[in-house]
2 protein chains.
Amino acid sequence: MAPPIACVGSGLVGRSWAIVFARAGYRVQIWDSVSSALDKTLPALCATLNELEKAGAIASASEIAGRITLADSLADAIADSCHVQESVSERLEIKRALFAEMDDIAPARATLGSSTSAIPGSAYMTGLAGSRRCLVVHPVNPPHLIPLVELCPTQETDAETVDRVAALMREVGQKPIILAREIEGFALNRLQWALLCEAMHLIGEGYCTPQDIDAVMTHGLARRWAHLGPLAVGHLNAATGFQGYFDGLGEAIGRVRATLRTDYIPSTETVAKTHAAMDATMPVSDLPRYQAKRDRAILALDRLLRDPG
Amino acid sequence: MAPPIACVGSGLVGRSWAIVFARAGYRVQIWDSVSSALDKTLPALCATLNELEKAGAIASASEIAGRITLADSLADAIADSCHVQESVSERLEIKRALFAEMDDIAPARATLGSSTSAIPGSAYMTGLAGSRRCLVVHPVNPPHLIPLVELCPTQETDAETVDRVAALMREVGQKPIILAREIEGFALNRLQWALLCEAMHLIGEGYCTPQDIDAVMTHGLARRWAHLGPLAVGHLNAATGFQGYFDGLGEAIGRVRATLRTDYIPSTETVAKTHAAMDATMPVSDLPRYQAKRDRAILALDRLLRDPG
């Protein structure tokens, strides 16, 4: 029997990771420093698994749930594991203490991944006896619905660790990319926020409304991006491929590039106006319903991408 | 019988507009200053319409083709039209002369739209007797597959023109957004190129590969963006909506914002390397096949979005 995987932290991200690993056949041991959080873990997991079974995304909720157990202590969770996935709150001191402790306890062959999206791994996973086996394994929320994972080594992570975790991710159905070195926001949030910051500029300076921004995406850009990345889109947009696209639009891109305002800091009013526009169609009081709808839409798109027909 | 719509320019964009209008029941009159281009127009249109019929996106290719005619002159094309959609090459002098001529000939009630993506309308549609009825009507390519349209008035366009063209766009099934005033790249290309410029930075500085960028989109960001714009995604990512999302991530967004390099000018080598990466999976010699595959994927997504099940 393969060694289990430990999920440390039982919030939304930790539970979703547990589903990813258990769905692929791994035994999963979850631990949380807050025991009251742990009490809610299995009911929350079962609710999500039942939704997935109902949507036809998994065959048997109970079979997957049967592979997930709660651990009484951090040591119990990770002592025999092959990989530890940390998903605790984004506070540097907590992560630093936790990685030191996990590195002490974890078996020599175990790799230690952190789900952080906002803290460079080098701030808390270097200088340890086992820093070579530590790296950032940043998921998109929730990872059981969205396969991309960003692997980001520190300067002390060794190549074998990166390779092994990439292989594990592929084995459990995720799509890893590997960053060569650290950068704020890794790749996904940099791309996402470059677009969001320019969007806030257009709203803040009154060029268009928040609803217009979302329309540009759902009725425009994402019609291609759902199937092809931005580079592939360019490649198919010119008879001579990406080179022709970039050369042909070079001047226009240059003029836009010179006027982009991704450094734009939106005013309190602009953020409030954007919130109000979203709240008008998706009231905060009713968000769980829209979140469930979003998750069903993501599953439907996943089916489409696997079998475009 | 409703007056016809004139499509001036018979390239990829002009032909696609002809399909949009004819599909909605309008008679369409196409004209091109290059008569040899016009010779290829009907066969190319019929090929596209047959593909659409085969994919189940339209009921009858021949019925729609029957509404499209070639005009012998610019005057014939637009003399009795209610709207003129210009889609000629992106050269200022050509557009300037054409708009002056069209404004002379077009019926008083006709609106004149330009498909330009790269030239501000004010550079060629102001100072005319009828400049109040001229505006940019920027489609996403090809408009018969992608519904977003950006309407951008000049300082001389009147509000009634914007309203009438927006209503026409909705009537024919497009999704118009209205920009309050001119800006380089309008909204769509600004958002697209903000992301692309940061992507070229990440590739150029060796953080990740071109394939990684596209993976971030297709396996990550676009899983949500296909259904929800970037603002709606943020709104659903926090229990208190967009305000909570922006406040909660404010510091992280701020750190990324400070390091974004959307002003990055990629080297010749970086562009060539990106082209080579795309060419390795989608060889330029075989692009038409991948373009056809892209178009089928866009149609399949459109069906999904209309009926998420």
Side-chain angles (χ1 to χ4, degrees), chain A residues 118 140 146-148 175 177 179-180 183-185 187-188 190-191 193-198 206-208 210 212 214-220 222-223 225-227 229-232 235-236 241-243 246 252-253 255-257 259-260 262 271 274-275 278 284 291 294 297-298 300-301 304 308, chain B residues 118 140 146-148 175 177 179-180 183-185 187-188 190-191 193-198 206-208 210 212 214-220 222-223 225-227 229-232 235-236 241-243 246 252-253 255-257 259-260 262 271 274-275 278 284 291 294 297-298 300-301 304 308:
Chain A
V140 190
I146 304 188
L148 188 88
K175 301 281 186 183
I177 70 160
L179 290 156
I183 186 168
E184 286 284 356
L188 182 135
R190 292 185 74 82
L191 298 178
W193 292 343
L195 188 142
L196 183 67
C197 288
E198 177 58 28
Y207 288 102
C208 65
D212 290 338
D214 279 356
V216 164
M217 184 59 71
T218 56
H219 300 307
R223 299 292 176 119
W225 282 348
H227 314 281
L231 306 173
H235 190 63
L236 295 182
F242 189 83
Q243 185 77 54
F246 207 84
I253 292 178
R255 281 199 307 270
V256 167
R257 182 168 48 212
T259 66
L260 286 172
T262 52
V271 176
T274 304
H275 176 86
M278 295 298 113
V284 166
Q291 288 161 341
R294 170 200 62 195
I298 292 173
L301 177 62
L304 179 75
Chain B
V140 190
I146 304 189
L148 189 89
K175 301 281 186 182
I177 70 158
L179 291 156
I183 187 167
E184 286 284 355
L188 182 135
R190 293 184 75 80
L191 297 179
W193 292 343
L195 188 142
L196 182 68
C197 288
E198 177 58 28
Y207 288 102
C208 65
D212 290 338
D214 279 357
V216 164
M217 183 60 72
T218 56
H219 299 307
R223 298 292 175 118
W225 282 349
H227 313 282
L231 306 173
H235 189 63
L236 295 183
F242 189 83
Q243 185 77 55
F246 209 83
I253 292 178
R255 281 199 308 270
V256 168
R257 183 168 48 212
T259 66
L260 287 171
T262 53
V271 176
T274 304
H275 176 88
M278 295 299 114
V284 166
Q291 287 161 342
R294 171 199 62 196
I298 293 173
L301 178 62
L304 179 75

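Letters go in sequence order (proteins before strands), and every chain restarts at 1.
- Smallest separation of non-hydrogen atoms from A:G220 and B:L188: CA-CD1, 4.3 Å.
- Taking each heavy atom of B:Q243 and A:H275 in turn, the nearest pair found is N-ND1, 3.0 Å.
- Smallest separation of non-hydrogen atoms from A:L301 and B:A222: CD2-O, 3.9 Å.
- Contact record, A:H227 with B:I298: NE2-N, 3.9 Å, taken as the closest heavy-atom pair.
- Across A:T218, A:L179, A:L236, the residue that shares the most heavy-atom pairs under 4.5 angstrom with chain B is A:L236.
- Without hydrogens or angle criteria, A:D212 side chain to B:I177 main chain gives no donor-acceptor distance under 3.5 Å.
- Between A:H219 and B:V140 the shortest side-chain heavy-atom distance does not fall below 4.5 Å.
- Expressed to the nearest 0.5 Å, how far CG of A:L231 lies from CE of B:M217 amounts to 9.0 Å.
- Residue B:L196 touches chain A through its side chain alone, counting heavy-atom pairs closer than 4.5 Å.
- Both the backbone and the side chain of A:L260 come within less than 4.5 Å of a heavy atom of chain B.
- At least one side-chain heavy atom of A:I253 sits under 4.5 Å from a side-chain heavy atom of B:C197.
- Listed here is the closest heavy atom pair of B:G206 and A:A180: O-CB, 3.3 Å.
- B:V271 touches chain A through backbone and side chain together, each having a heavy atom under 4.5 Å away.
- Although no hydrogens or angles enter the test, the distance criterion places no donor-acceptor pair under 3.5 Å between the side chain of B:R223 and the main chain of A:P147.
- Of all heavy-atom pairs between A:V216 and B:A187, the closest is CG2-CB, 4.2 Å.
- For chain A, the nearby parts of B:Y207 are the backbone and the side chain; heavy atoms of each come within less than 4.5 Å.
- By number of non-hydrogen pairs under 4.5 angstrom with chain A, the leading residue of B:Q291, B:R294, B:E198 is B:E198.
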Test log, rule side-chain contact (heavy atoms from CB on, under 4.5 Å), inputs B:H235 and A:V284: CA-CA 8 Å; B:H235 189 63; A:V284 166; 3.8 Å; yes
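- B:L195 CG to A:W193 CH2: the interatomic distance, rounded to the nearest 0.5 Å, is 14.0 Å.
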